[in-house]
Amino acid sequence: MEFHKRKLLTIITESIMEDAIEQELKLYKISGYTILDARGSGQSGLRDANHETDKNIRIEAICTEEIAKKLSLHLKQTYYENYAMVLFLTDVEVLRPDKF
Amino acid sequence: MEFHKRKLLTIITESIMEDAIEQELKLYKISGYTILDARGSGQSGLRDANHETDKNIRIEAICTEEIAKKLSLHLKQTYYENYAMVLFLTDVEVLRPDKF
Amino acid sequence: MEFHKRKLLTIITESIMEDAIEQELKLYKISGYTILDARGSGQSGLRDANHETDKNIRIEAICTEEIAKKLSLHLKQTYYENYAMVLFLTDVEVLRPDKF
């Protein structure tokens with residue numbers, strides 16, 4: 001069995017949240033993650049990557065289902081009320097389960 | 001039950017299609033979506049983000065399975081013949097089902 | 001049956017690997033793929049898209065499960081020891097199975 005099931009946690013939020021999310025990931029022992037610059041539209045109105053204050057980021061990290069769900073609920077409770085944030089979980093298969 | 005199943009619709013197409021896709025999303029009542037700049041290779045030949053005319057975009061939106069499938073078929077019928085476009089659906093879990 | 005199951009292969013690696021990965025995809029007859037610029041953190045330490053030498057890329061391609069698994073194992077054997085690389089597979093549904 002070469003492939004192992006994990007969860008991919010994807011977080012889309014305001015770019016000013018980058019440091020805060022990185023700190024949260026570290027608190028949950030997630031050392032590997034990827035950040036992409038994004039733009040888009042959400043409940044808070046149109047966002048445009050050309051306007052510095054409206055930049056979004058898309059962060060993704062692979063972890064166990066347990067950690068993915070705990071961290072998701074924590075982020076919801078901590079940030080959803082005051083920041084534009086969307087998160088979702090996806091089933092993925094990885095080759096090195098000890099890394100995630 | 002904190003997590004709810006939805007579909008993630010991902011569309012990869014030419015950057016000149018950005019406004020058209022945004023209009024389509026709005027017609028299907030999808031108010032939240034994320035756009036990323038991309039480059040790549042497809043049936044239409046190599047595309048390079050450094051060449052303005054060859055830029056691609058990657059748009060993703062979360063919605064119900066019904067809307068995801070209806071919109072996908074509409075986009076296929078409307079654009080596949082004349083534009084470089086790839087789309088795919090992924091199962092995702094979200095925390096606020098009323099938002100999608 | 002309009003939608004067909006395929007695998008999405010996502011590879012996150014150092015930006016200097018872009019040409020090598022493109023060659024690997026072509027060897028496995030994968031002609032369509034998308035590349036995004038990224039930054040992030042991994043086992044090799046913090047990476048920042050603002051530092052040319054630390055740029056990451058995120059490559060994704062849709063293919064059959066057979067090809068996705070063969071290529072994944074090949075990439076692992078060829079690059080994991082000497083390069084920062086993470087890859088994962090996701091189940092996706094597409095409209096034109098003959099393209100993937």
Which answer fits L87(C), side chain, backbone, both or neither, if we ask what part of it has an atom under 4.5 Å from a heavy atom of chain A?
both

Taking the side chain from S41(C) and the backbone from S31(A), do they hold a donor-acceptor pair closer than 3.5 Å?
yes

Nearest-0.5 Å distance, OG1 of residue T34(A) to CD1 of residue I57(C):
11.5 Å

Within this structure, what is the CZ-CZ distance for the pair R58(C) and R58(A), rounded to the nearest 0.5 Å?
5.0 Å

Do V86(C) and K99(A) come within less than 4.5 Å of each other through their side chains, counting heavy atoms only?
no

CG of N56(C) to CG of L36(A), rounded to nearest 0.5 Å, is 9.5 Å

Can you name the one residue among L8(A), V92(A), D91(A) that meets side-chain contact (heavy atoms from CB on, under 4.5 Å) with T90(C)?
V92(A)

With a 4.5 angstrom heavy-atom cut-off, which part of I59(A) approaches chain C: side chain, backbone, both or neither?
neither

In Å and rounded to the nearest 0.5 Å, what is the CD to NZ distance from E2(A) to K76(C)?
5.0 Å

What part of K7(C) lies closer than 4.5 angstrom to a heavy atom of chain A: side chain, backbone, both or neither?
side chain

In this structure, CD1 of I12(C) is separated from CD of E60(A) (nearest 0.5 Å) by 4.5 Å

